[in-house]
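The first residue in the sequence is number 1, and the count goes up from there.
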Amino acid sequence: MSGGRRLSYTADPTEVTIPRETGFVAAVSVVPPAAYIVPTQWTEVIDVLAAQGIRMFKTSRPWEGEVETYRCDEPRWNPRPFEGRQVLFSPGEGTPKSDAALGACRVVREKIAYPAGSAVVPLDQRAAKVAIHRKTNI
């Protein structure tokens with residue numbers, strides 16, 4: 001026996017105070033875009049978003065325009081997925097971080113063409129985080 005306290009399950013209620021950290025502050029945050037555009041050929045992604053109840057609409061004709069995308073210089077991927085996700089390391093770092101890619105990536109504006117039938121997913125909806133974090137097997 002260690003002499004420490006132990007929990008015994010009895011019929012008598014026991015009050016336990018569990019400390020909770022409330023002072024967490026985000027080191028890096030990103031404002032999501034107004035919408036995502038998913039090309040029509042990414043049918044699996046569109047089907048998964050639809051199955052999740054994500055509100056979207058399809059373009060009736062091809063559209064070309066300037067959009068913001070991310071470009072990452074010298075990305076380094078973890079050799080094995082973690083919890084079904086591919087982990088990206090920042091250049092020069094040896095351990096993964098949830099937003100490690102942000103330090104090595106930059107936002108760029110470029111002209112991209114999308115075919116008719118592409119899905120526009122507005123992010124001003126309750127399920128926006130589902131669309132942002134949706135994992136697919138593509």
Side-chain angles (χ1 to χ4, degrees):
M1 298 212 51
S2 69
R5 292 182 59 185
R6 67 184 177 112
L7 181 62
S8 297
Y9 294 96
T10 67
D12 300 326
T14 302
E15 282 195 29
V16 178
T17 301
I18 300 173
R20 183 175 63 141
E21 179 59 55
T22 59
F24 290 117
V25 177
V28 177
S29 62
V30 177
V31 176
Y36 288 137
I37 304 174
V38 183
T40 189
Q41 61 268 31
W42 292 14
T43 56
E44 184 177 326
V45 173
I46 294 169
D47 291 346
V48 168
L49 291 171
Q52 294 289 324
I54 305 295
R55 180 172 44 88
M56 66 182 97
F57 60 90
K58 298 214 176 166
T59 58
S60 59
R61 61 180 190 264
W63 180 83
E64 183 176 325
E66 195 170 284
V67 297
E68 286 186 350
T69 62
Y70 288 97
R71 291 290 175 247
C72 302
D73 298 322
E74 303 175 33
R76 211 180 67 179
W77 298 95
N78 195 29
R80 295 187 343 227
F82 177 73
E83 295 182 353
R85 309 263 184 204
Q86 294 298 325
V87 179
L88 181 64
F89 291 90
S90 281
E93 292 192 10
T95 58
K97 293 183 179 178
S98 59
D99 289 326
L102 294 176
C105 298
R106 64 191 186 288
V107 176
V108 295
R109 293 186 67 83
E110 59 187 355
K111 192 177 236 184
I112 298 179
Y114 294 91
S118 294
V120 177
V121 182
L123 295 181
D124 64 346
Q125 58 182 299
R126 184 178 175 153
K129 287 186 178 181
V130 174
I132 291 169
H133 296 290
R134 182 66 215 149
K135 176 185 166 241
T136 60
N137 293 322
I138 290 186

Residues Leu123 and Pro33: closest non-hydrogen pair is CD1-O, 3.3 Å

A quick test of your reading: do over 12 heavy atoms of other residues, nucleotides or ligands sit less than 6.0 Å from CD of Glu21? yes

Exactly one candidate in Val48, Leu49, Thr43 meets side-chain contact (heavy atoms from CB on, under 4.5 Å) with Val45; the answer is Leu49

Please find the pair of heavy atoms, one from Thr40 and one from Pro115, that lie closest to each other, and give the distance. CG2-CG, 3.4 Å

What closest approach, in Å, do Ala131 and Val121 show between heavy atoms, and which atom pair accounts for it? CB-CG1, 4.1 Å

For the residue pair Val120 and Trp63, establish whether any side-chain heavy-atom pair is separated by less than 4.5 Å. no

Return the set of residues passing salt bridge (Lys or Arg N to Asp or Glu O under 4.0 Å) with Arg109 (not counting sequence neighbours), or none when no residue passes. Glu66, Glu68

Going hydrophobic residue to hydrophobic residue with side-chain gaps under 4.5 angstrom, can you get from Tyr36 over to Tyr114? no

If you round to the nearest 0.5 Å, how far is CD1 of Ile132 from CD1 of Ile54? 9.5 Å

Could you tell me which residues satisfy side chain to side chain donor-acceptor pair (under 3.5 Å) with Asp124, sequence neighbours excluded, listed by chain and number? Arg55

Side chain Ser118, main chain Thr59, donor-acceptor under 3.5 Å: no

Given side chains that start at C-beta, do those of Met56 and Val38 come closer than 4.5 Å, heavy atoms only? no

Find out if a path of hydrophobic residues (ILVMFWY) with successive side-chain heavy-atom gaps under 4.5 Å connects Trp42 to Phe57. no

